[in-house]
Structure formats: structure tokens, C-alpha cells
Amino acid sequence: MIEKDSRGAGAADGGAGARERAGLLWAPRAWVGNRWCERVVLEAGADGTWQRVEAGVPPPPGASILAGPALPGLVNAHCHAFQRAFAGLAERRQVNQDDFWSWRDSMYRVAGRVGVAQQQAIAAQLYVELLRGGFTHTCEFHYLHHARDAAGGAIAPEASGTPRAMAQAIAAAAGETGMGLTLLPAVYERAGFGQSGPRDDQRRFVADAAAVLRLRDELRADAAVATGAGPKVRVGIALHSLRAATPAAIERLQAGSDDAPIHIHVAEQLQEVDDCLEATGLRPIDWLCRNAALDRRWQLVHATHATTAEIEAVARSGAGVVLCPSTEANLGDGIADLPSWLKHGVALSLGSDSNVTRSALEELRLLEYSQRLARRVRCVAAAPQEFEPSTAERLWSRVLRGGAAAAGFSAWGLQAGARADLLVVDTSAPSLLGIAPSHALDAMVFSSPNRPFRDVLVAGRWVTREHRTPGAAAIAARFAEAMQELWADPS
Ligand SMILES: [Zn+2]
């Protein structure tokens, strides 16, 4: 039984130690300053950041020559790792009308069963897949706070002691695989607007503002003493949603906040918009803009149902928006107003959210295709009038920048001072054969290379080389074992 095994910092150290340092690299082509540049030197320092990025130079002596063009890694700005255990298993109609709310009831049944070791096993498998899919950093929106009791049931919040173990399991999975991580412990207080507490199946999620701020500080203390060679875990804060957090909790959390990111789910579902209107007289994004003092630290996850006035208010605030195209499609949430978000210059990023998809390229493709289907036109995200005619390049540039803000980085991408992350494109993939550099990103997003990245670097260490990820077979075996336990368990 995987639950009884101990897999903590030791496994994380072993994984990171086995990963080779990159040092001095040279790329025939690399994405620098939001465009392709030729003949680029990239030097990663011992601290895991880029010391030197310079285009237009020949390979220096001793440099490793990359086998293909280099792209910066993307931030996965919204993720609930445990939901990876549910991917593909909620596609049978159980009720007369299957929707977000019936899906959520089923998801809660999985959430109720996941233990600490299973949490780590699921997250480790997920991170291997996300790294191969173009994401080198993940923001974990963490609300599965409380561990299970010995009988496998959910524990009453007051009896559960510290909720740190489930978050530590996520950090250990990141250390094991080399994934960069921003942990976002979330406030969760109640079942909905006007409710005094949670439903029974939400009890593992309960944490008030004081508990979240304490957990933030404890997780930062853990990160400060972590000895692994992987990137240092960053820790921000989150509010599950306006329906699950009271205005008083939002105020208390904000009073205890610092420079780190603050994430919140908002306006994902029309029912949530209606409930918020009924309870407060305002739509959720409008309520946030008027009451939460939004600024660049804030990340509005989904923001699917937004009026033009709300989009303008978010733009004025400096807050970012996290779009989760595959999850929003899977759950039937609706379609975001992408052209308006782009037009108003709001920082946009991508989230894998429920993890039905673990590929940045698939998320970008679906983001654009949902717009084409709804509007019956092509190349919606492109902006020829702004000299950004490539759909994929414009989206890539935007989510690169927005993702950095969502994860709390002031510098990101292929530039000196940023963390030394990159993806080496596999130009032998059939859909990229003979493609000119000017069209490479469009082909990667819209022509579906099945193994797009041959090498992946995080914080100056190779986590994947020639499509091979050290430790991936053992991680997959543990994941399969965890899945069998979760789905065999009748509780
Ligand atoms: Zn979410």
C-alpha cells in the first residue's frame, strides 16, 4: 500500500543530484526578447540562473551545442495536482444533465480518498508529463489541506492538526522531478454564498485566513532549509473563490499578504455569477475590483464570464488572468473573451487546472480554436495591425510574460538574471520537417508534433534529455499503484 511508504526529502535530493548541470550552451536559434534570434550563447550559473544570453555569436570553446532551437519554458499558472488522478474518468453521463456541478461532486469523491503518499505519487507523474509538455514551473492552487484519518475518511478540521503534509507532498514531487513550483495554499471556509460552513465532502479543504498565512510561513521555512538541488519552492497565497471565502477572510488575507502572488477562481460558471449577484448585488469580477484592491499580484483564474466594463477594470488594476482552455472546455464553463483581454493588455497565462491536458501547445491550440468556432473566423489571437501576424507567437509571448507574474518572478525567459529554464525543440518531429523558423511556433501549436521537446532544462539542470526523464519509469509505476488504490477503494 503506497500510503505507508515514506518518500520525502531523500527521494527529492536523489532526483536532483542525478540531474546534470548545463553550464555553457550554444543554440542555432533561440527565442530571446519575444522573437527568434540566431546563434545564441546561453550560460547557466551554479545558482541556476542565466549569467549570459547573447545572440549573433559563434559557439564558444567548450560550449554544448543544442540539437535544435531553444524556447523558454512556460509557467503552468493554475493546477490542482490531485485531479490528475481523475483525468479521463469523468466522461460518462451520470445524471440527466452533466455539468460543472455534477463533475465537482464526482471530483470530491476522489479528493476524499487521496492520502499523502498518493498525493506525491500523482503529482510526480503529473510533473514529468508537464515538463515534457513545455511547462517548467507550476503554480499549485492548493486546497486539499487536511490529511485522511487511519480509516481513510476525511478528518474534521478541528481534529486534523497541521495541514502541512499534503502541501509538503507536492513540494517533494517537484523536488523529485525538477519541476519549479509556486505553492498557493487557499482559503476555503464555506459551501457557498450565505452558507456558514462547508459541506461534509468539503471538510478536507477548510482553512481560514490565519491558517493559510501560517501555512505560507511554514512552507517558506521548509523551502529555506531544503537541501535538494532543484529550484527553490516559492510560496504565495490563494482564495478558493468568492463563494468559498467570506469578505472578512479576504480582508484578513490581504492584510497579511506581501509581494507574493494572490490567486482566486472567479467567474468560471454562470451560476456562480448569478449567486454572487443575488448575494452581493455585483458580478464576481466587479465585486473583486471594487472590494479587493486588485494589483499586479492578483491572478484571476478563468474570468470566463466578464463584461467589457469588468475587463477594463481588471486592466486598470494591473491584475492578471489565468486561462485554462482544456479544463474550461471539459467542464463546459464557457468561452473567455480572448480578443478583449488581449486588446486591453491584461497579463494572460495558461493553467492545466484539472490536468485533462498536460501540454502547453494543446492548451494554446484549444484557446485559439474555441474562439474560431464561436466567431466563425480564423487567427483570432493574431494582430496584423500591431505587426504580430503569427497567432502562436502572439499567444506565446503573452503567456510567457503573464505566467512569470502569476508565479511571482520579476524576470523570466531567456535573459540574464532569469532562472535557467529552456526547451529544445525536436525538429525531427514529422510536423516540423522543413518548416521555416518564421513559422516554427505556428507549426508547433497548430500542426501537433507529438513529441515537441527533446530536452528540458530547469534551473540550469537537465530534467529531460533526448526525450528521456531520469526516474520516470519508477514514478509511473508508483502512479499506477496509487491509481489502483484510489479506484479500487469502495469508500
Ligand atoms: Zn482550479
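Starting from 1, each residue takes its place in the sequence as its number. Reckoned from all heavy atoms, side chains included, excluding hydrogens, waters and symmetry mates. Not measured: the values here are computed from a predicted model. Just follow the structure's listing: the first ligand is 1, and inside any ligand the first atom is 1.
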Start with the C-alpha gap between His142 and His263, add the side-chain angles, then the distance that decides, and say whether ring-ring contact (aromatic ring centres under 6.0 Å, His included) holds. CA-CA 11 Å; His142 175 63; His263 288 223; over 10 Å; no
Would you find a donor on one side and an acceptor on the other, under 3.5 Å apart, between the side chain of Arg216 and the backbone of Pro185? no
Kindly confirm whether the Zn ion (ligand 1) is within less than 2.8 Å of some N/O/S atom in [X]?
X: His302; result: no
X: Glu268; result: no
X: Cys324; result: no
X: His80; result: yes

Mark yes or no: Arg234 above the aromatic ring of Phe409, with NZ or CZ under 6.0 Å from the six-membered ring centre and no more than 45 degrees from the axis. yes
Quick one: does NZ or CZ of Arg113 land under 6.0 Å from the six-membered ring centre of Trp487, within 45 degrees of the ring axis? yes
Angle in degrees, rounded to 10°, that NE2 of His78 and NE2 of His265 form at the Zn ion (ligand 1): 90°
Write down the atom of Thr138, the atom of Cys79, and the distance for their closest heavy-atom approach. CG2-CB, 3.6 Å
Among N, O or S atoms, Asp353 approaches the Zn ion (ligand 1) most closely through OD1
